[in-house]
Amino acid sequence: MQLPNLAPIPELYVSYESAQKLKVEAGELPSWDLTPRQVCDLELLMNGGFYPLKGFMTEADYDGVLKDMRMSDGALFPMPITLDVGEKFAEGIEPGQDIALRDAEGVILAILSVTDKWVPNKAKEAEAVFGADDLAHPAVNYLHNTAGNVYLGGPVTGIQQPVHYDFKGRRDTPNELRAYFRKMGWRRVVAFQTRNPLHRAHQELTFRAAREAQANLLIHPVVGMTKPGDVDHFTRVRCYEAVLDKYPQATTTMSLLNLAMRMAGPREALWHAIIRKNHGCTHFIVGRDHAGPGKNSAGEDFYGPYDAQEMVRKHQEEVGIEMVDFKHMVYVQERAQYEPADEIEDGVTVLNISGTELRRRLREGLEIPEWFSFPEVVTELRRTSPARSKQGFTVFFTGFSGSGKSTIANALMVKLMEMGGRPVTLLDGDVVRKNLSSELGFSKEHRDLNIRRIGYVASEITKNGGIAICAPIAPYTATRRAVREDIEQYGAFVEVHVATALEECERRDRKGLYKLAREGKIKEFTGISDPYEAPENPELRVETENVEVDNCAHQVLLKLESMGLIRG
């Protein structure tokens, strides 16, 4: 492979003087407040990380990328990079207009000159990019339930980079890394992509990859958006910094990549390779099931274990980066060292701890052996993930009006307060309606917003080590899933389906709501004129007919105990 061209890569920023003028002019333009994912995309568009893109994709580029991973000019790019907006905003925007792109604080980061506006077929996009239109895939779920329904495309004029207040010294643009490699005289650089903390197996893997490629090593973790449930990037970067001195300083560096991952397996691996090429790397480590999101709705892996490697190998020459196979490393007890699993002879003792097993040990406060990880990493992980019995958590009851949710939730609250140890907060549907959501009606949009508010408060309680008990109707699967994802960043989410039959709920109806709904006097009433999507796999399902409230609450307590959240 030819030596890298470390000349600067094109960026989309204008000069400082032009930026000051444009900022004033952009103040008069229609504004779009970027989502966290769009901020990540815009940063890598502007700094050249997504080169050769010059902005958000046009409809023709988008169609080509979906069809065969090529833009309309034939350039290889496997991931659609589009600006999704809401229908209401899109109504006032037409091709030929400029719009200001702002961050969450209202700072203008760029101007988009809109050339295209279209409504995508999201099911088709999911099939093309992720291989299945399956909501078990986090990016497919995002596509259908979070992303806007209208796409805007066109070139971007960069005014300023997004502001990062954390780990400033570790954040490098492609051109800053290229300049560093030039200065150090590094002509061969192998990039290691990760969204997990580094353990001893990763260290051995990266050592071997660098040795095999006769290259210097760039540890290049993603700190933008990864898979829901991953360790937060603050903890991960502290873990990386704790083990960086285990690497030879003269041949290793670390930089943070503000990428919003899609977990798209083979396409994602190729995308990662292009991004690393833009950062000046000559080699890229591609893992087994690289950027795989886990299991699909049928309980099978979304992608084959080596699909990503095959995809990158097929296109590596065109991209201009060489793939290095990720070796699955295991610990050989007799030799007290890590070795590739496929090179080990029969008869030796092989030790390995999976990611699931590591999480279990952290959750239950069990020992994590030194052969597996570095004590400094374990200390950081334990600071963020104490044993489950010391973490905050949320119990989320869902069921029809009159099913008994609030009654069981009240009983559970009293039992948990009797046990002591953590503050307990009950977020009952009626109480929340009065104090948090008094201005909301009962349309689907407003009900979703009410549940998201409950989820937000519960996530804050959970994050701060308390117990949140929620008892709304929460009829929609997608909204419950969104709340779960918000809360599981900080602690456990325990969904309890109070599975009382509709007829029984009507029979119990003290407020006469069902009667009014059947008479058409209450619109959009769950179970009568609006659907209830029952949870398919709740942590617990309780029946309340002919069962004492005390017994139902006790079932929840037993579940919490079996999950390690409380100690009996």
Neighbour count >12 (heavy atoms, 6.0 Å) for atom OH, Tyr62: yes

For the residue pair Phe77 and Phe50, does the interplanar ring angle fall in the parallel (under 30°), tilted (30 to 60°) or perpendicular (over 60°) class? perpendicular

Check the pair Arg200, Glu370 against salt bridge (charged side-chain N to carboxylate O under 4.0 Å, His left out), reporting the backbone distance first and the verdict last. CA-CA 9 Å; Arg200 290 188 189 272; Glu370 262 199 58; 3.7 Å; yes

Assess, by modelled atom type and distance only, whether the side chains of Asn216 and Thr251 contain a donor and an acceptor separated by less than 3.5 Å. no

Show, in sequence, the C-alpha distance, side-chain angles and deciding distance for Glu460 and Lys463, and conclude whether the salt bridge (charged side-chain N to carboxylate O under 4.0 Å, His left out) test is met. CA-CA 5 Å; Glu460 289 296 307; Lys463 178 166 74 175; 3.3 Å; yes

What is the ring orientation for Trp32 with Phe89, classed by angle as parallel under 30°, tilted 30 to 60°, or perpendicular over 60°? tilted

Would His220 and Arg276 count as having a side-chain donor-acceptor pair, cut-off 3.5 Å? yes

If you define the side chain from C-beta out and look only at heavy atoms, does anything of Asn352 sit under 4.5 Å from His328? yes

Which label fits Phe167 and His233: parallel for a plane angle under 30°, tilted from 30 to 60°, or perpendicular past 60°? perpendicular

What one should report as the nearest heavy-atom pair of Phe56 and Leu152 is CB-O, 3.8 Å

Between side-chain atoms of residues 223-232 and protein atoms elsewhere (two or more places apart, or another chain), which donor-acceptor pairs fall under 3.5 Å?
from   : atom 1 : to     : atom 2 : distance (Å)
Thr226 : OG1    : Asp230 : OD2    : 3.0
Lys227 : NZ     : Pro293 : O      : 3.0
Asp230 : OD1    : Arg195 : NH2    : 3.2
Asp230 : OD2    : Arg195 : NE     : 2.6
Asp230 : OD2    : Lys227 : N      : 3.1
Asp232 : OD1    : Thr235 : OG1    : 2.8
Asp232 : OD2    : Phe234 : N      : 3.1
Asp232 : OD2    : Thr235 : N      : 3.0
Asp232 : OD2    : Thr235 : OG1    : 3.2

With side-chain contact (heavy atoms from CB on, under 4.5 Å) as the test, would you mind laying out the steps for Arg267 and Val65 before giving the verdict? CA-CA 10 Å; Arg267 278 187 180 234; Val65 166; 4.0 Å; yes

Check against side-chain contact (heavy atoms from CB on, under 4.5 Å), Val494 and Phe396: CA-CA 6 Å; Val494 185; Phe396 192 94; over 6 Å; no

Can you tell me how far CG of Asn258 sits from SG of Cys40, rounded to the nearest 0.5 angstrom? 4.0 Å

Under the criterion side-chain contact (heavy atoms from CB on, under 4.5 Å), which of Asp33, Leu29, Leu112 is the partner of Leu101? Leu112

Any side-chain heavy atom of Arg238 within less than 4.5 Å of one from Thr384? yes

Is the ring pair His137/Phe130 parallel, tilted or perpendicular, if the boundaries are 30 and 60 degrees? tilted

